[in-house]
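Just follow the structure's listing: the first ligand is 1, and inside any ligand the first atom is 1. Hydrogens, waters and symmetry mates play no part in the numbers below; they use all other heavy atoms, side chains included.
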Amino acid sequence: AALPAGTPAPPPAPHLFSDPSEIGALRRNLLAWYDGCKRDLPWRTLAAAETDADRRAYAVWVSEIMLQQTQVATVIDYYNRWMQKWPTLQALAQASLEEVNELWAGLGYYSRGKRLQEAAKKVVSELAGQMPRTAEDLQKLLPGVGRYTAGAIASISYGQATGVVDGNVIRVLCRLRCIGADSSSPAVIDRLWDMANALVDRSRPGDFNQALMELGATVCVPKAPLCGECPVKQHCRARRRKLFGKPTPVPDVEDCGVGGCPLCPPATEPWDSSLGVTNFPRKAAKKQPRVARTGTCVLERRGCHGAPEYLIVQRPSSGLLAGLWEFPSLPLDQGLQEEKQREALADHLRAWTGWPVVAGGLRFVGEVVHIFSHIHQTYVVYSLPLDGDVTLDPALSPSRWVTEEEFHASAVSTAMKKV
Ligand code: SF4
């Protein structure tokens with residue numbers, strides 16, 4: 001029958017899961033593997049033991065926000081400290097942003113901590129302390145909670161049969177169904193959500209979603225997937241194609257066969273047999289990160305007990321590294337000569353401290369490179385010992401003198417710790 005006007009055509013069958021018995025087998029195989037191999041992680045233990053739905057949802061939510069863009073191994077320690085300090089939404093809602101930033105320091109993407117705390121405040125003040133109970137409401141009502149996080153919280157904490165799509169799931173699904181079109185394009189992402197929602201196990205959705213992500217993180221890894229150990233290998237079309245694929249022009253059994261298929265690799269980049277299953281997923285070329293240089297100066301004085309102290313200033317409350325502390329810094333124009341850099345930084349420090357800082361007094365220490373997600377940042381580091389006190393105009397930006405120990409306990413970024 002003809003589809004109503006405006007309805008997108010369904011994807012060609014080779015890219016779908018349409019056989020109910022295959023879906024059932026895939027769920028069973030994946031869950032059995034997960035039950036035997038899953039990693040012991042503190043948020044899993046908490047979610048399994050917690051009987052209160054709000055506390056359970058909060059515990060999952062914190063882990064999901066921390067795990068966005070950060071490795072599991074790094075998150076564990078931060079997660080434990082966070083949950084110890086703020087075991088409930090109510091406790092987090094009462095924390096100060098400074099405390100949140102201090103605990104988050106080193107975890108990167110700092111706005112995540114801030115948004116988590118803002119959302120906790122909202123749940124307490126506007127939703128009577130009760131977490132929304134469905135993925136749809138979580139996404140709609142909580143700032144910073146997108147479709148993925150909402151699906152993860154709802155499936156793991158409430159048992160809602162809703163799928164999730166993150167980087168690991170994208171990779172696994174694209175391989176299972178030979179999806180080679182740009183996996184960051186909205187058309188492909190929409191199809192993957194449909195697939196995740198169709199596949200998710202109805203009685204154990206939270207475990208199923210975690211199993212799919214765990215498979216991507218530990219077996220179906222980006223570069224050298226362990227297909228021989230994979231619990232769903234018999235459902236994997238990329239693997240079948242690797243084992244039985246024939247070089248063109250003999251038609252491949254797994255070829256989609258639909259000209260201009262929206263999910264196949266583009267005709268200009270056909271299957272590369274040397275890549276095997278890692279032909280999938282494919283992404284359009286990444287944008288090059290922006291290159292930036294920043295002059296930064298470590299001002300040092302003798303503190304009252306003789307130990308050195310360093311001056312740190314607070315960044316503006318919005319934008320990159322919002323509200324974090326750093327050594328006085330100044331963005332530098334590209335291609336500026338060393339001498340000019342030094343002068344620009346001295347001018348900046350002079351205007352800001354009121355001290356007669358001269359360029360020659362700044363000692364060049366070295367350069368520190370730090371890659372933010374989209375910025376290739378080089379800090380050109382100088383130091384300046386002071387033999388008197390400097391009083392700063394508090395209207396310019398908040399500042400304080402700290403010992404080395406206090407510096408490390410402050411809300412400073414990893415880049416500044418490197419400096
Ligand atoms: Fe990934 Fe290999 Fe398993 Fe396919 S068989 S899902 S490519 S690990």
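- In summary, Cys230 places an N/O/S atom under 2.8 Å from atom 3 (Fe) of ligand 1, meeting the contact criterion.
- With hydrogens left out, the protein atom closest to atom 2 (Fe) of ligand 1 is Cys227 SG, 2.3 Å, a heavy atom.
- In this pair, Trp352 and His348 present their aromatic rings parallel. The plane angle is below 30°, not in the 30 to 60° band.
- Neither the backbone nor the side chain of Ala238 has a heavy atom within less than 4.0 Å of ligand 1.
- When every heavy atom of Pro132 is checked against every heavy atom of Tyr158, the shortest pair comes out as O-OH, 2.9 Å.
- Ring-plane geometry between Phe407 and Phe327 is classed as parallel, the angle between the planes falling under 30 degrees on a 0 to 90 degree scale with a further cut at 60.
- From the protein, the heavy atom lying nearest to atom 1 (Fe) of ligand 1 is Cys220 SG, 2.4 Å.
- Interface atoms of ligand 1 facing Val277, defined by a heavy-atom separation under 4.0 Å, are 7 (S).
- Contact of the Val60 side chain with the Glu64 side chain is registered, since non-hydrogen atoms from C-beta on lie closer than 4.5 Å.
- Ion pairing between Arg147 and Asp166 fails under the 4.0 Å rule for side-chain N and carboxylate O.
- In this structure, Thr278 and Lys223 approach most closely via the heavy-atom pair CG2-O, 3.5 Å.
- The shortest contact between atom 5 (S) of ligand 1 and any protein heavy atom is with Arg239 CD, 3.6 Å.
- The nearest N, O or S atom of Cys236 is closer to atom 4 (Fe) of ligand 1 than 2.8 Å.
- Here is the list of ligand 1 atoms found below 4.0 Å of a heavy atom in Arg175: 7 (S).
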